[in-house]
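For reference, the structure discussed in these notes is given below.
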Amino acid sequence: MPGQKIETGHQDAVHDVVMDYYGKRLATASSDNTIKIIGVSNSGSQHLATLTGHQGPVWQVAWAHPKFGSLLASCSYDGKVIIWKEGNQNEWSQAHVFDDHKASVNSIAWAPHELGLCLACGSSDGNISVFAERSDGVWDKSQIDQAHPVGVTSVSWAPSMAPGALVGSGILDPVQKLASGGCDNTVKVWKFDNGIWRMDCFPALQMHTDWVRDVAWAPNLGLPKSTIASASQDGRVIIWTAAKEGDPWVGKVLQDFGAPVWRVSWSLTGNILAVADGKNIVTLWKESVDGEWQQVTTC
């Protein structure tokens, strides 16, 4: 698909752009307090819907897996998380509004679909909340209090397949783990166990010297190694790896980009990392056989 310029129609800065499962629609989040749904194809793009309901800049949007229907989550400076549901085509309504947080909600992430309809939210109030829908349509809430006391900037789910499941034997229960980044310059890993979220890395992962702007847990496809990428205001991206379940996390600097790094995102197979930095450059990185990371392209 050739590159194409898409006019979003937003009146202010765009903070997030997410493609749906089928690659047919984009959802965009903006400081103009709205979300836009845009249809994309080889022949161009078309505006499909504008979602209004937030009273502040919208930081992130996230599509749920299509097995749960046509659902989109959004989070905003106004402290709210809204679940939007599409009824008739391109007609969206607010299915749920979560206003549990007392400050800006900066990051949202749907859990792997094997875990059910479950959304993690990170806020400037220092807390992470996790909302899970029951079969009767009621949402249960669990919370990590003061996950990063000075503010949570990002949340990312671990793959649901247990590390090593591909090479081990027996059926393993899905894994419920989260990575988070915060204004305390750290990355933390959390595990849901017996109804409670507990920290799963001691101490917190500390190599950044400024706010962690984004964390992204790589798909592992059932292999033993776990990998998390973190991006920071300090200009660096760090690749954290744990060789197998229970091993300590080891950090390695991917590169110093010389400007704040805003976002990191993995390919579906987990072998290519996209990095968006403050110079408005997107670079793609791939791990070579010897474990060194190499830049493969620039956008």
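- Taking OG1 from T28 and CG from D16, the interatomic distance works out to 9.0 Å, rounded to the nearest 0.5 Å.
- The hydrophobic cluster containing V212 does not contain F257, counting ILVMFWY residues as joined when their side-chain heavy atoms lie under 4.5 angstrom apart, directly or transitively.
- Ring-plane geometry between W197 and F192 is classed as tilted, the angle between the planes lying from 30 to 60 degrees on a 0 to 90 degree scale.
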Exercise for review: Show your reasoning for whether side chain to side chain contact (heavy atoms under 4.5 Å, CB included) applies to I228 and V189.
Suggested key: CA-CA 10 Å; I228 297 169; V189 178; 3.9 Å; yes

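- Between D277 and K279, no side-chain nitrogen of the basic residue sits less than 4.0 Å from a carboxylate oxygen of the acidic one, so the salt-bridge criterion is not met.
- Each of Q11, H15, H10 was evaluated against S31; a single residue qualifies, H15, per the side-chain hydrogen bond (donor to acceptor under 3.5 Å, both in side chains) test.
- When atom types are taken as modelled, the side chain of S180 and the backbone of S154 share no donor-acceptor pair closer than 3.5 angstrom.
- Hydrophobic clustering (ILVMFWY, side-chain heavy atoms < 4.5 Å, transitive): L119 and V97 are in distinct clusters.
- One hydrophobic cluster holds both I83 and V105 under the rule that ILVMFWY side chains link at heavy-atom gaps under 4.5 Å.
- Remark: D125 does not engage K102 in a salt bridge, criterion side-chain N to carboxylate O under 4.0 Å.
- Remark: K85 does not engage E133 in a salt bridge, criterion side-chain N to carboxylate O under 4.0 Å.
- Between the side chains of N106 and S124, at least one donor-acceptor pair of N or O atoms lies under 3.5 Å.
- Using modelled atom types, one side-chain atom of Q4 and one backbone atom of S41 make a donor-acceptor pair closer than 3.5 Å.
- Within 6.0 Å of the NZ atom in K244, the count of heavy atoms belonging to other residues, nucleotides or ligands does not exceed 12.
- The pair D193-K191 does not count as a salt bridge, with every side-chain nitrogen at least 4.0 angstrom from each carboxylate oxygen.
- S265 places no side-chain N or O within donor-acceptor distance of the main-chain N or O of A274, the cut-off being under 3.5 Å.
- A ring-centre distance under 6.0 Å is not found for F68 and W110.
- K67 has no carboxylate O lying under 4.0 Å from a charged side-chain N of E114, or vice versa, which leaves the two without a salt bridge.
- Atom CE of M207 is surrounded by more than 12 heavy atoms from other residues, nucleotides or ligands within 6.0 Å.
- Side-chain contact annotation: W59 with S104, donor-acceptor N/O pair under 3.5 Å present.
- You'll find the side chain of W240 stays beyond 4.5 Å of the side chain of C201, heavy atoms only.
- Taking a cutoff of 4.0 Å between a charged side-chain nitrogen and a carboxylate oxygen, E86 and R25 qualify as a salt bridge.
- Checked against a 6.0 Å centroid threshold, the rings of W249 and W217 count as neighbours.
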